[in-house]
Protein chains: 2
Amino acid sequence: LLHMQAINKSYLFGKTEEIKVLDTINLELHRGEFVALVGPSGSGKTTLLNLIGCIDHSDSGEIYLDGKALHNQSEQFLKNIRRNRIGFIFQNFNLIQTLTVQENIELPLWSMNKKSEQEKLLLRKQLYTDLGIQDLLNRFPYQLSGGQQQRTAIARALISNPDIILADEPTGNLDYKTTQEIMHILKKETEKFQTSILMATHDLSLLNFADRALILRDGQLVNYDSQNSQ
Amino acid sequence: LLHMQAINKSYLFGKTEEIKVLDTINLELHRGEFVALVGPSGSGKTTLLNLIGCIDHSDSGEIYLDGKALHNQSEQFLKNIRRNRIGFIFQNFNLIQTLTVQENIELPLWSMNKKSEQEKLLLRKQLYTDLGIQDLLNRFPYQLSGGQQQRTAIARALISNPDIILADEPTGNLDYKTTQEIMHILKKETEKFQTSILMATHDLSLLNFADRALILRDGQLVNYDSQNSQ
Ligand SMILES: Nc1ncnc2c1ncn2[C@@H]1O[C@H](COP(=O)(O)OP(=O)(O)OP(=O)(O)O)[C@@H](O)[C@H]1O
Ligand SMILES: Nc1ncnc2c1ncn2[C@@H]1O[C@H](COP(=O)(O)OP(=O)(O)OP(=O)(O)O)[C@@H](O)[C@H]1O
Ligand SMILES: [Mg+2]
Ligand SMILES: [Mg+2]
């Protein structure tokens, strides 16, 4: 489903300093697969997810989604991909402060035609209850706790039933019980809809929910061999 | 050092709905004590910290800091307490986007006289290195990873050597190794400077660093008896 080939990304500071964040990254993500991405703080996990989510550009290398190239595409093309095929759970939530919880969550549906919007809403009525936010729908983000904001961000990523969910530390502000519930909801997505999930996390206990894990270290991606390490 | 008596806090929605977040809370925090505050997402941890940090008002009840009453004080009085005696690590970091990392961290020192500012800066030169942010001092918050922003927020809370540190989920965006380092830095504060720390967290493994823990559930605070539970 997703294929990244020799992806490089650096940040430049002035004329002298270059920080190579991603160094010749190769990654494959298959339909219905749940992959965890771990690595130290500052190792490049968010940067990598942003490239796949089409909200940033690599310096070189190729990205293919369903065989179609994402690199070197127009902003309009990438915008379409972002809206229709990818659900992004941001590390800092990125909720719109002037919209209610419900409006925030249903925002991805505004760009779709009426018929599919109705179908997806029916499929997702359960989602608000599963995430424990059914009583918060008319509130604004500033009226929510950190974890409630995070759950709102998760609902928004799931509502359009995307092909790929990019989850950037989706449980960092949640207690143990809620974290387990979120993980089961995500796992159900892969089983029920063949959604692919790439999840950056610092919580190593969540690796149990993933099919496999990748480690990002010094700009390079390696497979985490859980069978050997345990 | 800190004494909260019969503290109540509710949020009102329209004329009909009242959510009682904190219900007759009594809390004591002694000099040099490291107390953990745990509870489900939405249980009121941030609300409680905001009351102690003088950035919110309770509906009723009393708060005493070093014997002086904080409830029913003027905004000017509370502002002084906030600046000089309390260091706050916010759940969402609250970094100023238009200031560099170094400017953000040293902001609490601007309101102090020149002599004590110099003394504290010498004491804190070590802090940047301990937190691994010494190479990031000239960057802006948007140029940092989530965990780097969190570490910047931690440095800012420590730099003025406050009497009380309120830490709202200070390690939610950090990997295991960095989390351990932060915990040791916080523990050193209590031992070296008799700083008191109240830390809200979802990571139960961090309770090992605390002297004792409190559980917030259904608006009420109870002691967590770790000796009995283990
Ligand atoms: N806009 C930017 N300009 C310059 N450097 C940046 C920018 N964004 C990120 N960086 C740097 O790129 C590196 C990787 O950042 P990234 O946010 O991808 O890390 P991360 O693995 O998500 O970390 P964390 O676990 O702390 O969230 C960091 O060193 C960061 O400081
Ligand atoms: N400004 C506000 N107006 C209305 N309700 C609010 C407001 N701020 C917080 N709340 C509600 O108060 C309750 C407690 O919120 P609080 O942020 O203190 O929880 P928390 O324990 O810090 O949660 P988390 O672990 O998710 O950060 C939540 O139900 C939240 O929705
Ligand atoms: Mg990140
Ligand atoms: Mg909170």
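Below, each value reflects all heavy atoms present in this structure, side chains not excepted, and no hydrogens, waters or symmetry copies. Every value quoted in this text rests on a predicted model; they were computed, and no experiment measured them. Here is how names work: the chains are called A, B, and so on, in the same order as the sequence lines, proteins then strands, and each is numbered from 1.
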Undergrad: Taking side-chain contact (heavy atoms from CB on, under 4.5 Å) as the criterion, tell me which of A:Ser41, A:Pro40, A:Ser43 meets it with B:Ser145.
TA: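 Exactly one pass, corresponding to A:Ser41.
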
Undergrad: Just checking A:Asp218: does its CG atom have more than 12 heavy atoms from other residues, nucleotides or ligands closer to it than 6.0 angstrom?
TA: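 Not more than 12 within 6.0 Å, no.
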
Undergrad: Heavy-atom distance under 4.5 Å to chain B: side chain of A:Gln149, backbone, both or neither?
TA: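 Neither; nothing under 4.5 Å.
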
Undergrad: Do you know which of B:Lys45, B:Lys177, B:Arg139, B:Gln148 has the most heavy-atom pairs with chain A at a distance under 4.5 angstrom?
TA: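 Most heavy-atom pairs under 4.5 Å with chain A: B:Arg139.
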
Undergrad: Any idea which of B:Gln143, B:Arg151, B:Glu17 has the most non-hydrogen atom pairs under 4.5 angstrom with chain A?
TA: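 Most heavy-atom pairs under 4.5 Å with chain A: B:Arg151.
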
Undergrad: Might you confirm whether atom CZ of B:Arg212 has over 12 heavy atoms from other residues, nucleotides or ligands at distances under 6.0 Å?
TA: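 More than 12 within 6.0 Å, yes.
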
Undergrad: Can you measure from CG (B:Asp175) to CG (A:Asp203) and round to the nearest 0.5 angstrom?
TA: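 Going from the CG atom of B:Asp175 to the CG atom of A:Asp203 covers 12.0 Å.
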
Undergrad: Counting heavy-atom pairs closer than 4.5 Å to chain A, which one of B:Thr178, B:Thr46, B:Leu174 comes out on top?
TA: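 With the most close heavy-atom pairs to chain A, the winner is B:Leu174.
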
Undergrad: At a heavy-atom separation under 4.5 Å, does B:Ile133 approach chain A through its side chain, its backbone, both, or neither?
TA: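 It is neither, since no heavy atom gets under 4.5 Å.
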
Undergrad: For B:Glu169, which atoms come within 4.5 Å of any heavy atom of chain A: side chain, backbone, both, or neither?
TA: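 Answer is side chain: those atoms of B:Glu169 sit under 4.5 Å from chain A.
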
Undergrad: Heavy-atom distances under 4.5 Å only: say whether B:Asn173 touches chain A with side chain, backbone, both or neither.
TA: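 Interface part for B:Asn173: both.
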
Undergrad: I'd like to know whether NZ of B:Lys192 has more than 12 heavy-atom contacts from other residues, nucleotides or ligands below 6.0 angstrom.
TA: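 Check fails, neighbour count at 12 or below.
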
Undergrad: For the OH atom on B:Tyr176, are there more than 12 heavy atoms of other groups (residues, nucleotides or ligands in this structure) within a distance under 6.0 Å?
TA: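 Atom OH in B:Tyr176 is not packed in, count stays at 12 or less.
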
Undergrad: Sort B:Phe13 into side chain, backbone, both or neither according to what part of it lies under 4.5 angstrom from a heavy atom of chain A.
TA: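 Contact with chain A involves the side chain of B:Phe13 alone.
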
Undergrad: With a 4.5 angstrom heavy-atom cut-off, is it the side chain or the backbone of B:Gln150 that approaches chain A, or both, or neither?
TA: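 Neither part; nothing is under 4.5 Å.
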
